[in-house]
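See below for the structure under consideration.
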Amino acid sequence: MDYSDVSTIAAWVTEQGLKGVSEAELMTGFCAACRNAGLPLDRGLALMDTLHPVHEGRAFRWDSVEEIEAEFEYGPTSSGEAAANWQRSAFYHLWSGNEREVRRRLGFGDPTDFSMLDKIAEAGHTDFVAMMHRFSEAGTIGEMDCFFSHFATKHPEGFSDHDLAILRKLVPVLGLAIKCIALGRIARTIAEVYLGEDAARQVMEGKISRGKSERISAALWFSDLLNYTKISDRVPPEEIIPLLNDYSEVAISAIHEAGGNVLKLIGDGVLAIFKGEVPAETCRAALSAESLLREKLVTLNAARAADGRPTTDVYIGLHIGDVFYGNIGSQNRLDFTVIGPAVNEVSRIASMCRSVDLNLLISSDFASAIPEEERAALACVGRYALRGVQRAQELYTLDSARLAD
């Protein structure tokens with residue numbers, strides 16, 4: 001491999017990074033291109049921490065012969081066996097010290113003193129090099145502060161000085177391209193986690209101008225926890241966040257599984273919408289989410305009770321109506337949400353659950369949108385004036401007797 005190939009491969013990596021191909025495709029293409037140009041690569045791995053509520057980072061692998069998983073996500077490496085493996089790795093050696101590169105000539109007597117090196121040597125690799133490229137403070141996001149990579153060869157003479165010089169020139173280009181793609185992934189993840197999947201998609205498509213909104217008809221969900229204030233007053237403060245997390249998890253997962261979008265977490269409350277062109281279908285999806293939630297609550301409450309932790313129930317209000325869906329706020333702080341009288345009404349309907357001692361209340365508009373044959377499963381609980389809403393309306397709940405039949 002000569003230096004003219006370096007420019008060709010660097011240009012290809014740059015082009016693929018700008019196109020936004022996946023990191024796994026980029027890693028596979030990079031290693032294959034280097035090997036085809038004469039660099040004796042037989043194994044390659046790259047990894048980078050990310051900003052994600054569950055995963056600590058993502059890794060990308062390539063092998064010249066073996067069929068392997070091209071990418072995988074890894075969890076926290078701060079405790080347990082994962083921490084022990086991390087601290088035995090060549091990457092940790094680099095990260096915790098001042099070196100940028102470490103090499104082990106496995107076929108020539110060097111020790112297999114880092115994790116996985118014994119298996120790499122057993123597979124016939126004769127030489128191994130690991131590299132780390134740190135980011136500056138301005139280029140760091142969360143724990144994403146460097147790019148790690150390692151490469152191995154089965155060549156009888158290992159890597160030559162020329163081979164290593166080629167890698168030192170090309171790997172930073174690979175790292176920059178992977179970082180570029182990872183940043184796009186992080187932006188989407190943050191948007192989805194904090195805005196919800198549908199709102200995030202619209203924001204990532206460029207709908208971020210203040211006042212940019214659309215009028216939609218949607219089934220609306222508002223839920224909160226029974227006796228949350230009383231529970232929070234009597235349990236230790238450190239129990240509050242786990243309680244909210246547990247009940248938020250079952251509510252949000254039920255909504256998502258039924259096709260809804262969660263827009264707001266307001267203390268112990270959840271605001272969600274079910275979008276669609278056919279009102280009956282959006283209402284059916286909301287009712288499906290309610291049913292899923294009840295199933296999940298049985299399991300959750302049993303598990304919490306077994307652990308001696310407080311349990312509760314979820315009050316839900318369901319409504320349907322026209323709302324404005326889009327960006328609202330100041331020039332420097334926007335929220336992608338829904339506004340309109342229907343949003344106020346659904347929160348008031350949910351609040352009425354306490355007064356009538358029911359865990360589900362449905363508006364008359366929602367009931368009217370359900371096909372007549374399905375409406376038989378509803379029972380009217382009376383006509384009520386809702387606080388802050390001009391018109392009184394009949395409210396419904398599910399008729400448990402008819403559902404049992």
Side-chain angles (χ1 to χ4, degrees), residues 1-51 57-64 68-74 89-91 93-95 97-104 125 127-153 155 158-188:
M1 183 175 183
D2 58 44
Y3 284 108
S4 64
D5 296 315
V6 173
S7 296
T8 301
I9 295 172
W12 179 86
V13 170
T14 301
E15 180 183 9
Q16 299 307 301
L18 291 172
K19 284 181 178 179
V21 303
S22 73
E23 299 99 316
E25 290 178 282
L26 192 57
M27 182 66 179
T28 297
F30 171 81
C31 291
C34 288
R35 182 178 173 84
N36 292 338
L39 193 67
L41 285 187
D42 288 289
R43 177 190 176 103
L45 179 141
L47 65 83
M48 187 185 298
D49 284 351
T50 187
L51 193 61
R58 305 178 77 239
F60 317 99
R61 302 187 295 185
W62 171 85
D63 191 279
S64 63
I68 59 174
E69 185 181 11
E71 63 180 280
F72 62 91
E73 294 164 321
Y74 53 90
S89 71
F91 293 149
H93 173 82
L94 295 172
W95 180 80
N98 297 317
E99 298 174 84
R100 293 183 56 184
E101 181 181 306
V102 63
R103 183 185 184 187
R104 291 292 183 266
H125 297 92
D127 209 345
F128 168 91
V129 61
M131 300 179 177
M132 179 189 67
H133 294 84
R134 290 189 188 271
F135 306 151
S136 69
E137 184 177 350
T140 296
I141 297 179
E143 298 298 318
M144 191 181 79
D145 57 359
C146 56
F147 172 71
F148 292 111
S149 60
H150 80 222
F151 302 92
T153 182
H155 193 282
F159 290 124
S160 68
D161 290 343
H162 178 72
D163 295 334
L164 293 176
I166 295 291
L167 280 174
R168 292 177 189 129
K169 286 182 176 294
L170 284 175
V171 171
V173 182
L174 174 67
L176 181 60
I178 287 180
K179 181 183 180 183
C180 177
I181 297 166
L183 287 174
R185 186 186 300 275
I186 287 172
R188 289 191 295 274

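Keep in mind that what you see is a predicted model, and the values were worked out from it rather than measured.
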Atom of [X], atom of [Y] and distance for their closest heavy-atom approach:
X      : Y      : answer
Arg134 : Gly97  : NH2-O, 3.4 Å
Arg61  : Leu45  : CG-CD1, 3.6 Å
Val13  : Ala177 : CG1-CB, 3.7 Å
Cys34  : Leu170 : SG-CD1, 3.9 Å
Leu174 : Leu26  : CD1-CG, 4.1 Å
Leu94  : Ala130 : CD1-O, 3.7 Å

What I'd like to find out is whether the side chain of [X] reaches to under 4.5 Å of the side chain of [Y], using heavy atoms alone.
X      : Y      : value
Arg168 : Met131 : yes
Ile141 : Leu183 : yes
Ile178 : Met48  : yes

For Asp163, all residues meeting side chain to side chain donor-acceptor pair (under 3.5 Å), sequence neighbours excluded: Ser160
When rounded to the nearest 0.5 angstrom, what distance separates [atom1] in [X] from [atom2] in [Y]?
X      : Y      : atom1 : atom2 : result
Thr140 : Leu51  : OG1   : CG    : 12.0 Å
Glu23  : Glu71  : CD    : CD    : 6.5 Å
Leu39  : Phe30  : CG    : CZ    : 8.0 Å
Leu176 : Ile181 : CG    : CD1   : 10.0 Å

Test item: Arg104 side-chain N/O and Phe128 main-chain N/O as donor-acceptor pair under 3.5 Å: no
Sidechain-backbone polar pair: Lys179 side chain, Phe135 backbone, donor-acceptor under 3.5 Å: no
Sequence neighbours excluded, which residues qualify as salt bridge (charged side-chain N to carboxylate O under 4.0 Å, His left out) partners of Arg100? none
Give the C-alpha distance, both sets of side-chain angles, the deciding distance and a yes or no for side chain to side chain contact (heavy atoms under 4.5 Å, CB included) between Phe91 and Val102. CA-CA 9 Å; Phe91 293 149; Val102 63; over 6 Å; no
Return all side-chain donor-acceptor pairs below 3.5 angstrom for residues 143-153, not counting sequence neighbours, or 'none' if the list is empty.
from   : atom 1 : to     : atom 2 : distance (Å)
His150 : NE2    : Arg43  : NE     : 3.4
Thr153 : OG1    : Pro40  : O      : 2.5
Thr153 : OG1    : His155 : N      : 3.0

Stepwise, does the side chain to side chain contact (heavy atoms under 4.5 Å, CB included) test hold for Glu25 with Gln16? CA-CA 9 Å; Glu25 290 178 282; Gln16 299 307 301; over 6 Å; no
Can you establish whether the number of heavy atoms outside Trp12 located under 6.0 Å from its atom CH2 is more than 12? yes
